[in-house]
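Reviewing the structure listed below.
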2 protein chains.
Amino acid sequence: MKHQVDANTEQVILEAAEKLFLEKGFAMTSTTEIAKAAGCNQALVHYYFRTKEKLFEAIFEKKMRTFVAPFLQNSDNNISFEERLTQLIEAHFDLLKENPKLPFLVFNELLTNPTRLESLKGKLAVIPQTVLSKIEKDLKAEVEKGTIRPISAFDLMLTILSLNVTLFLTAPIFRSINNMSDENFDNFIENRRRENVIIILRSLKP
Amino acid sequence: MKHQVDANTEQVILEAAEKLFLEKGFAMTSTTEIAKAAGCNQALVHYYFRTKEKLFEAIFEKKMRTFVAPFLQNSDNNISFEERLTQLIEAHFDLLKENPKLPFLVFNELLTNPTRLESLKGKLAVIPQTVLSKIEKDLKAEVEKGTIRPISAFDLMLTILSLNVTLFLTAPIFRSINNMSDENFDNFIENRRRENVIIILRSLKP
DNA sequence: ATGTTATTTAATAACTCTATTAATACGATA
DNA sequence: TATCGTATTAATAGAGTTATTAAATAACAT
């Protein structure tokens with residue numbers, strides 16, 4: 001068992017924990033396991049983070065922010081609404097592509113642990129309001145121009161979320177069932193990126 | 001602690017376990033907890049099902065079948081393709097409405113436990129093939145009639161799955177964040193049933 | 001070199017969980 | 001009523017978990 005002299009041990013533990021939590025969720029991951037993955041003694045995990053819960057929270061909150069990030073960045077633009085929307089959808093898609101296990105973690109913890117949901121409520125409740133109201137305004141303008149049908153920002157967001165999230169949530173399952181090669185899998189994913197954009201744009205037509 | 005003389009204890013245990021597994025997943029539910037919920041001794045749980053794993057499997061496989069059921073029933077029809085598709089989407093939606101925790105259980109277990117996925121692979125792999133090929137045929141016919149654009153049955157299924165599943169997966173979260181009343185929540189759900197059908201039908205237009 | 005602080009480890013307390021075992025209650029049947 | 005199989009329970013072994021503590025070691029400034 002080597003000492004972690006050079007690297008920041010706290011960071012190494014954090015990363016090992018992140019990987020394991022994403023793979024197996026909170027309950028199925030033990031601090032012993034995290035320590036082993038980080039190449040350190042189990043007590044060190046507690047030395048740096050005191051409890052498993054606190055360690056998880058440090059990771060979860062950061063990940064939560066990543067998860068909703070694309071909806072927050074405002075693309076102040078001279079490009080068309082359709083282009084802006086496409087960019088949003090694809091930004092969300094790409095983020096999930098780089099963090100494919102993220103939806104699992106988020107849903108798993110928010111659904112099984114009511115406390116977690118409660119504690120995040122305060123922090124997250126603000127986001128939808130500010131973001132949605134901006135998109136709402138955008139949508140209203142387009143509706144008046146007659147370029148799209150009337151639809152709530154919430155419904156639109158939920159549709160984007162649904163199409164993008166479920167793809168990455170189910171991808172490992174379909175991949176396994178269909179015995180896809182890396183290449184097939186990549187094609188499948190990229191095909192879906194296009195498909196999702198098409199579905200959403202079409203759903204808005206007047 | 002009363003004896004469970006009258007009712008079929010095995011069934012009572014099964015139902016208690018089902019409820020708890022759906023709420024909190026496999027790892028977070030203990031046999032002790034199941035026994036308490038079933039009003040019996042913890043050893044009885046093992047007496048009837050030997051292991052927690054076997055108990056779970058008995059429930060999971062049944063639930064898995066429920067989950068994919070709507071895609072399996074063939075509506076041999078004289079009604080139009082659009083109507084048939086609408087019925088399929090709504091049947092799937094209604095099933096999820098009655099089993100809102102089901103997607104959580106299925107994803108949670110298939111994703112965290114590779115063994116589970118492997119063991120189901122054999123049983124489930126057949127289904128997509130038979131079902132998809134039938135829908136594929138339907139789609140091809142419609143494409144030739146010029147009523148829809150070319151699309152794979154798999155993509156269509158994934159879209160339906162995405163829209164319906166994510167709604168029920170995220171519903172408790174949005175409900176909590178937005179402090180929805182029962183009535184608001186019901187409206188929200190019913191509105192989405194319509195919305196999901198619209199999105200999918202529109203996505204198929206030529 | 002030496003004292004001081006930060007990091008790391010081994011050991012272990014205190015639980016909790018699964019699974020098994022041995023003993024007991026129940027109910028039908030001979 | 002004596003007997004037998006099924007249902008049920010208390011007790012507990014055994015493994016694994018989190019968290020704490022005290023001791024050892026490394027790092028570093030003086």
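Order of the sequence lines fixes the chain letters, A, B, ..., with proteins taken first and strands second; residue numbering starts at 1 for each chain.
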If I take atom [atom1] in residue [X] and atom [atom2] in nucleotide [N], what distance separates them, rounded to the nearest angstrom?
X: A:N41; N: D:dT25; atom1: CG; atom2: P; answer: 14 Å
X: A:Y48; N: D:dT20; atom1: OH; atom2: C1'; answer: 17 Å
X: B:L44; N: C:dA22; atom1: CG; atom2: C1'; answer: 15 Å
X: A:K54; N: D:dT18; atom1: NZ; atom2: P; answer: 16 Å
X: B:E10; N: D:dT6; atom1: CD; atom2: P; answer: 14 Å
X: A:K36; N: C:dA10; atom1: NZ; atom2: P; answer: 15 Å
X: A:I34; N: D:dT18; atom1: CD1; atom2: C1'; answer: 11 Å

Mind checking salt bridge (charged side-chain N to carboxylate O under 4.0 Å, His left out) for B:K101 and listing every partner two or more places apart, or none if nothing turns up?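 Applying salt bridge (charged side-chain N to carboxylate O under 4.0 Å, His left out) to B:K101 gives none.
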Checking A:K137 now: which residues fulfil salt bridge (charged side-chain N to carboxylate O under 4.0 Å, His left out) with it, not counting sequence neighbours?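 In terms of salt bridge (charged side-chain N to carboxylate O under 4.0 Å, His left out), with neighbours along the sequence ignored, A:K137 is linked to no residue.
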If you look at every strand shown and take non-hydrogen atoms under 4.0 Å, does A:F49 touch a base, only sugar-phosphate, or nothing? nothing
Applying side-chain contact (heavy atoms from CB on, under 4.5 Å), can you list everything that pairs with [X], at least two apart in sequence or on another chain?
X: B:L117; result: A:I173, A:S176, B:L110
X: B:H46; result: B:T31, B:Q42
X: A:S30; result: A:T32, A:E33

What do you reckon, are the aromatic ring centroids of B:F49 and B:F56 less than 6.0 Å apart? no
Taking five pairs at each end of the helix from C:dA1-D:dT30 to C:dA30-D:dT1, what angle separates the two helix axes (nearest 10°)? 10°
Using 30° and 60° as the class limits, which term best fits the ring planes of A:F26 and A:F21: parallel, tilted or perpendicular? parallel
Please tabulate, one pair per line, each protein N/O and nucleotide N/O from nucleotides 15-21 of chain C that are separated by under 3.5 Å, including the distance.
{"unit_1": "C:dT18", "atom_1": "OP1", "unit_2": "B:K52", "atom_2": "NZ", "d": "3.1"}
{"unit_1": "C:dT18", "atom_1": "OP2", "unit_2": "B:T31", "atom_2": "N", "d": "2.9"}
{"unit_1": "C:dT18", "atom_1": "OP2", "unit_2": "B:T31", "atom_2": "OG1", "d": "2.9"}
{"unit_1": "C:dA19", "atom_1": "OP2", "unit_2": "B:H46", "atom_2": "ND1", "d": "3.4"}
{"unit_1": "C:dA19", "atom_1": "OP2", "unit_2": "B:K52", "atom_2": "N", "d": "2.8"}
{"unit_1": "C:dA19", "atom_1": "N7", "unit_2": "B:Q42", "atom_2": "NE2", "d": "3.2"}
{"unit_1": "C:dA19", "atom_1": "N6", "unit_2": "B:Q42", "atom_2": "OE1", "d": "3.2"}

Scan residues 152-164 of chain B for pairs that pass salt bridge (charged side-chain N to carboxylate O under 4.0 Å, His left out), counting only residues two or more places apart or in two chains. A:R192-B:D155
Among pairs that include at least one residue of residues 37-57 of chain B, which meet salt bridge (charged side-chain N to carboxylate O under 4.0 Å, His left out), considering only residues two or more places apart or in two chains? B:E53-B:R116
